[in-house]
Amino acid sequence: MRRAPALALVAAVVVVAATALQAGAALRQVAVGNFYFDDDTPGDGRVEANQGDQLRFVVQDGGPGTPHTVEVDELGIHSGSLAAGETFTTPPLDKPGTFRLYCKPHDQRGHVATLVVRSASTSSTAPPTTAAPRGTVSPTTTTSGGSSGSTSQTQPGAATPTTEASSPTTAAPGGGLPASTDPATGEALAPAGRGEATAQELEGPAAPDSLEAMLGREPARPGPWTRSVRLGVLLLLPMLLIAVAAVLRSRTRGTVRPDA
Amino acid sequence: MNPLDLPVHPAFVHIPLAMLGAAWVCVLGQHLAPERQWGGRVRLFETIGVAFLVPSIVAGFVDTRGWEFLAERRWDMPLIWHFLVALAASAVFAGHWAWRREPLRAAGGTGAAVDVGLSTLGMWLLVLAGLIAAEMVYAQ
């Protein structure tokens with residue numbers, strides 16, 4: 001009967017190891033806008049992650065004239081143009097270090113941050129934080145398999161769901177949302193690339209002293225930009241009328257030869 | 001590349017907008033209320049406008065940090081449409097400017113139709129490009 005305690009111990013070790021592996025890699029949300037990259041410690045100009053984490057950038061506005069991008073040259077991360085409401089998920093960050101994270105069109109306007117990827121050996125000592133990034137849903141901890149408060153991380157268009165729809169949602173150390181990881185390989189299953197943000201992710205309180213807060217407006221949201229095309233088509237009618245009138249008048253009265 | 005660290009396209013683009021808009025008005029004026037001065041004004045405004053299209057386009061590429069947006073071609077985003085419509089407007093006005101180098105072309109029935117038609121098409125495309133740009137910058 002000595003086997004029973006030993007088996008229990010082994011089982012406990014397996015459970016703890018699996019839990020540690022799950023918590024080891026997280027999907028961290030980073031809000032992107034004019035001109036910030038905000039993780040769970042907004043305003044510090046830093047985005048922090050642990051080795052193996054993935055970053056999910058949620059674009060909250062369309063950029064001032066030109067859309068935002070996410071660039072980390074040293075890690076080969078280049079998102080391409082991102083519209084408001086789009087997301088970009090990086091592959092797992094395997095290389096520890098400090099990197100330059102920037103938006104290519106707005107680099108010179110200060111849309112830059114420092115990406116710190118802590119190595120796996122030091123990441124366990126990082127202080128956990130719980131604050132939510134600006135305009136994103138707070139990571140929540142649930143004790144049961146209920147869906148209340150959990151954040152869907154499903155990437156539209158992805159072949160497989162990326163997260164735990166029914167499993168408990170547990171905030172990983174550092175405030176990141178837990179990623180779906182393969183316990184056998186430790187590889188993240190959240191597909192890298194573009195996706196769509198949920199309405200919840202785009203909502204958020206207006207920054208203090210901002211124009212939005214003063215006017216009581218909600219922060220910028222993606223709008224149907226094609227309304228400018230509809231307005232342009234409407235303008236075509238009066239312009240055509242004037243043009244036709246000019247041509248008809250020219251035919252009846254004759255045009256004074258220009259520069260004659 | 002941009003020592004001022006500010007968007008430079010808006011600083012240039014209003015000059016051709018104003019000049020080519022004025023040229024369109026003068027083209028209409030030439031046909032609606034024939035006077036000799038209109039032709040010279042069209043020439044002046046259109047020459048300045050077409051000339052300033054070049055730095056405006058270059059400034060646009062400076063602001064977008066290159067032409068990556070053309071390589072990507074995100075048709076669901078307004079930037080590429082702004083570029084294409086503005087490019088079409090530039091081509092139409094440049095064509096109209098070249099066509100009017102022969103002054104007598106604008107006179108007469110067909111000449112008047114081509115004169116007004118090209119100018120109005122260019123102006124409409126310019127307005128459309130401006131509306132798309134305004135929505136990109138202001139309307140969120």
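Letters go in sequence order (proteins before strands), and every chain restarts at 1. Note that the coordinates shown come from a computational prediction; the quantities given were computed from them, not determined experimentally.
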Next on the checklist: Counting C-beta onward and ignoring hydrogens, is there a side-chain heavy-atom pair between A:Ser81 and B:Leu79 closer than 4.5 Å?
Outcome noted: no

Checklist entry - Between B:His31 and A:Ser250, what is the shortest heavy-atom contact and its length? => result ND1-OG, 3.1 Å

Checklist entry - Looking only at atom types and distance, does a side-chain atom of B:Trp124 sit under 3.5 Å from a main-chain N or O of A:Leu240, one as donor and one as acceptor? => result no

Item to check | Structural part of A:Leu82 lying under 4.5 Å from a heavy atom of chain B | outcome: backbone

Checklist entry - Is atom CZ of B:Phe69 surrounded by more than 12 heavy atoms (other residues, nucleotides or ligands) closer than 6.0 Å? => result yes

Checklist entry - Which answer fits B:Leu128, side chain, backbone, both or neither, if we ask what part of it has an atom under 4.5 Å from a heavy atom of chain A? => result side chain

Next on the checklist: Checking B:Leu131 against A:Leu235 for the side chain to side chain contact (heavy atoms under 4.5 Å, CB included) test, could you report, in this order, the C-alpha distance in whole Å, the side-chain angles of both residues, the deciding distance, and whether it holds?
Outcome noted: CA-CA 11 Å; B:Leu131 285 171; A:Leu235 276 175; 4.1 Å; yes

Checklist entry - Atom CZ of A:Arg249 and atom CG of B:Leu28: how far apart are they, to the nearest 0.5 Å? => result 12.5 Å

Checklist entry - So, for A:Lys104 and B:Arg65, which heavy atoms are closest and what is the spacing to 0.1 Å? => result O-CG, 3.2 Å

Item to check | Minimal non-hydrogen separation, B:Leu32 against A:Ala246, with atom names | outcome: CD2-CA, 3.6 Å

Next on the checklist: If the test is side-chain contact (heavy atoms from CB on, under 4.5 Å), which one of B:Val114, B:Val116, B:Thr110 qualifies with A:Val247?
Outcome noted: B:Val116

